[in-house]
Q: 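Below you'll find the structure I mean.
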There are 2 protein chains.
Amino acid sequence: MTQKTELEILLAVVDHGSFSAAARVLGYTPSAVGKRVHQLEQRLRVPLLVRTTRRMTLTEAGQRYVEEARDLLARLTALEEDIADDAASLRGTIRLTSSAALGRLHVVPPVIEFMERHPVVEIDLLLTDKIVDLVGEGFDLAVRSGTLPDSSLVSRKLMSNRRVPCGAPAYLDQHGLPQQPEELTTHSCLHLGQEKRLLDWGFTRNQGGITRLGSGFSCNSLEALHAACCAGHGIAWLPEFLIAHDLHKGRLVPVLIDHADPNAGGGIFVLRPKATFLPRRVRALTDFLADHFTDIRTD
Amino acid sequence: MTQKTELEILLAVVDHGSFSAAARVLGYTPSAVGKRVHQLEQRLRVPLLVRTTRRMTLTEAGQRYVEEARDLLARLTALEEDIADDAASLRGTIRLTSSAALGRLHVVPPVIEFMERHPVVEIDLLLTDKIVDLVGEGFDLAVRSGTLPDSSLVSRKLMSNRRVPCGAPAYLDQHGLPQQPEELTTHSCLHLGQEKRLLDWGFTRNQGGITRLGSGFSCNSLEALHAACCAGHGIAWLPEFLIAHDLHKGRLVPVLIDHADPNAGGGIFVLRPKATFLPRRVRALTDFLADHFTDIRTD
DNA sequence: TGTCATCTGTTCCCAAAACTATCAAATGTT
DNA sequence: AACATTTGATAGTTTTGGGAACAGATGACA
């Protein structure tokens, strides 16, 4: 700020007792100082200082103005400094990873909003379904769904990760609606990676427990399963965050909901390395995610 | 004022939702508004607004800044307006009269100080020992000493007006120190106008009451009597405000103090016409005089 | 769904205004 | 009487504001 405010100049004059002294301190010439004070007086239409060449007295108005305005100015500059410092301490990059589907649907939107609110922080987001080593690869945060992960990470639960068995209406019309979990052994089942047994799908009341799911598409990508399921290729056990909209629109229909454990899917968590120092920007993003991760079911 | 202006512009932008809208309201062009906001952001080194061409969002920092600074700015402008209004309502001339000696010694100094403190008021001071008609001649105030004056005026007592009989050491050495009031009949007495009897000088224990003072100089001017007394021409009954310094320095010596009524001199009053409206400036001067009229005895 | 029109913010350059410095003069103080 | 300080006028420089061209986003309309 090359240009000091009228108020700052006035205060300097009052504090140092003369125009010249204030000018020396502020790095101006005396005449410049005098002019600025004169400007202020003209703006307020009130003389603030009675000047003789040797002495300088505040008028009643000047005294009041100085007393009260000094406080206000101090508060304003304090506020500005505080905000600047705040931003400075937030500045930096956050390296963040998330699984593909979850990230695309529910991490990217709040992260974008966060970036608008905090333009000084930069975000480096990696969407992958592979489990990355946070510490080893230098990530600050990860957003993951599932059961609670290993304990070298600090976890914060954003919400529970309900998963529901479901299928497209076309498929169910053709192949019938299963009434018991065991019936799935004869259905086309779309399963994720190693989830091949009824038990893996979190059914509460299946007797055998180890009964294999019916054969069908198997893939490590949730989004691929999702697409296949919508296309009528079978029944899949999909997380609610992925299909809420489809269920609402009727593009997918839940199946065997009385037999499914709603908590079997675990939760959605933010994770961070345990040992490392937590920068303010990371804490801010964690809090922001926690605040904005509530309304998945309602959309 | 840079700080203030930037803030005002920022607030206008926030309130009206766009640079253009704010510019229309403020009478600037959009480019000027944008520039000032940019300046502010650069000064704080924090982005305050995230702009797209259609939408405009406050940053976290911006939100905080706006919230808190708005209040400070409002207070500052309110203060400035208040001070300006205050001065405006004080502006004007005060017509003031006082008796010569009292005025010169004890009215002029505080009035000058008052003028320095309130440069917007002008003062028209008439020093005269004649009693002027406040209402008829358009005076706002009078400062007078003596007994309480007529009741068409509102009076405020500034202090009591002690008067003491006294003489110069040279005179008293030569003519002796009187022990009883009656002895004054044989002294050279300097009296003011019609004060020719012992009673007029406020003695508490003189028996006759109507005993005439000794012959001597008589004059309607207190200052002339004062000068004559100091020059050793006799004994005079002079107000303390006039001779405090002389008593202190020993140039005058009190006489018959045990017989003198300290309250006989009445008081020193500020008077103003009863009926007229009391402008703020007049009230301010009255208060100021009351506050600064206390230390006559101590100088 | 795609294209277009319109509104808005940004940037550059130039003119204008404001600010500051220099110097001389007036003034009050020691 | 001498010194320090404020004040005033003038000139030079920085800052600021305006206009036009450009880019981006929204909403209408087909």
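This one's a predicted model, so the numbers in the text were calculated from it and none came from an experiment. In what follows, chains are A, B, ... by sequence order, proteins preceding strands, each numbered from 1.
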Q: Phosphate oxygens OP1/OP2 of D:dT6: is one of them under 4.0 Å from a side-chain N or O of A:S18?
A: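 Looking at the OP1 and OP2 atoms of D:dT6, one of them is under 4.0 Å from a side-chain N or O of A:S18.
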Q: Do you know which two heavy atoms are closest between A:R55 and A:T57, and how far apart they sit?
A: NH1-OG1, 3.3 Å
Q: Any chance the rings of A:F217 and A:H233 have centres within less than 6.0 Å?
A: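 No, they do not, as the ring centres are separated by 6.0 Å or more.
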Q: Which nucleotide sits closest to the side chain of B:M56: D:dT6, C:dT22, C:dG9?
A: C:dG9
Q: For the pair made of CZ in B:F19 and C1' in D:dG18, what is the distance, rounded to whole Å?
A: 17 Å
Q: Please identify each residue that fulfils side chain to side chain contact (heavy atoms under 4.5 Å, CB included) with B:I112, with sequence neighbours left out.
A: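 B:I112 satisfies side chain to side chain contact (heavy atoms under 4.5 Å, CB included) with B:V108 once adjacent residues are dropped.
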Q: Output yes when A:D124 and A:R95 qualify as a salt bridge under the 4.0 Å nitrogen-oxygen rule, no when they do not.
A: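 Answer for the salt bridge query: yes.
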Q: Rounded to whole Å, how long is the line connecting atom CZ of B:R24 with atom C1' of D:dG17?
A: 18 Å
Q: B:Y28 OH to C:dG9 P: how many Å, rounded?
A: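 Taking atom P of C:dG9 as the reference, OH of B:Y28 is at 17 Å.
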Q: Measure from NE2 on A:H38 to P on C:dA18 and round the result to the nearest Å.
A: 14 Å
Q: Can we say A:E6 and A:R43 salt-bridge, meaning some charged N sits less than 4.0 Å from an Asp/Glu carboxylate O?
A: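 Judged by the 4.0 Å cut-off on N to carboxylate O distance, A:E6 and A:R43 do form a salt bridge.
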Q: Holding to side chain to side chain contact (heavy atoms under 4.5 Å, CB included), I want the full list of residues that pass it with B:E41, two or more places apart in sequence or in another chain.
A: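 B:V37, B:H38, B:P47, B:L48, B:L49, B:R51.
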Q: Kindly write out the residues that satisfy side-chain hydrogen bond (donor to acceptor under 3.5 Å, both in side chains) with B:R251, not counting sequence neighbours, or none if the list is empty.
A: B:H245, B:D246
Q: Donor-acceptor pairs under 3.5 angstrom involving side-chain atoms of residues 26-35 of chain B: please list them, not counting sequence neighbours.
A:
| from | atom 1 | to | atom 2 | distance (Å) |
| --- | --- | --- | --- | --- |
| B:T29 | OG1 | B:S31 | OG | 3.4 |
| B:T29 | OG1 | B:A32 | N | 3.4 |

Q: Pull out every protein N or O sitting under 3.5 Å from an N or O of nucleotides 25-30 of chain C, one pair per line with the distance.
A:
| from | atom 1 | to | atom 2 | distance (Å) |
| --- | --- | --- | --- | --- |
| C:dG28 | O4' | A:T53 | OG1 | 3.0 |

Q: Does the side chain of A:R51 get closer than 4.0 angstrom to OP1 or OP2 of D:dT5 through an N or O atom?
A: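 No, because none of the side-chain N or O atoms of A:R51 sits under 4.0 Å from OP1 or OP2 of D:dT5.
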Q: Looking at residues at least two apart in the chain, or sitting in another chain, which of them share a side chain to side chain contact (heavy atoms under 4.5 Å, CB included) with A:T77?
A: A:L73, B:Q3
Q: Can you confirm whether A:V46 sits close enough to A:Y65 that some side-chain heavy atom of one is under 4.5 Å from a side-chain heavy atom of the other?
A: no
Q: Measure CD/A:Q42 against C1'/D:dG8 and give the value in whole Å, please.
A: 14 Å
Q: Output the rounded distance in Å from CD (A:Q39) to P (C:dT20).
A: 8 Å
Q: Heavy atom of residues 59-67 of chain B under 4.0 Å from DNA chain C: which residues?
A: none
Q: Quick check for you: among C:dT22, C:dT8, D:dG17, whose closest atom lies nearest to any side-chain atom of A:T29?
A: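 Within the option list, the nearest is C:dT22.
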Q: Tell me, please, which residues at least two apart from B:R117 pass side chain to side chain contact (heavy atoms under 4.5 Å, CB included).
A: A:E60, B:E113, B:F288
Q: Between the two ends of the helix from C:dT1-D:dA30 to C:dT30-D:dA1, what is the bend in degrees, rounded to 10 degrees, where each end axis spans five pairs?
A: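 If I round to tens, the end axes sit 40° apart.
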Q: Could you tell me which residues satisfy ring-ring contact (aromatic ring centres under 6.0 Å, His included) with B:F139, sequence neighbours excluded, listed by chain and number?
A: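 ring-ring contact (aromatic ring centres under 6.0 Å, His included) list for B:F139, sorted by chain: empty.
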Q: Without decimals, in angstroms, what is the distance between A:H16 NE2 and D:dT6 P?
A: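 Result: 13 Å.
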Q: Counting only heavy atoms not in A:R283, do more than 12 fall under 6.0 Å of its CZ?
A: no
Q: Specify the separation, in whole Å, of atom CD of A:E6 and atom P of C:dT20.
A: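 From A:E6 CD to C:dT20 P: 10 Å.
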Q: Considering every strand and a 4.0 Å limit on heavy-atom distances, what is the contact class for A:G17: base, sugar-phosphate, or nothing?
A: nothing
Q: For the side chain of A:S20, starting at C-beta, report the closest nucleotide among C:dC19, D:dT5, C:dA21.
A: D:dT5
Q: Got a list of protein N/O to nucleotides 13-16 of chain C N/O distances below 3.5 Å?
A:
none

Q: Which residues satisfy the salt bridge (Lys or Arg N to Asp or Glu O under 4.0 Å) test with A:R54, sequence neighbours excluded?
A: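 Salt bridge (Lys or Arg N to Asp or Glu O under 4.0 Å) list for A:R54, sorted by chain: empty.
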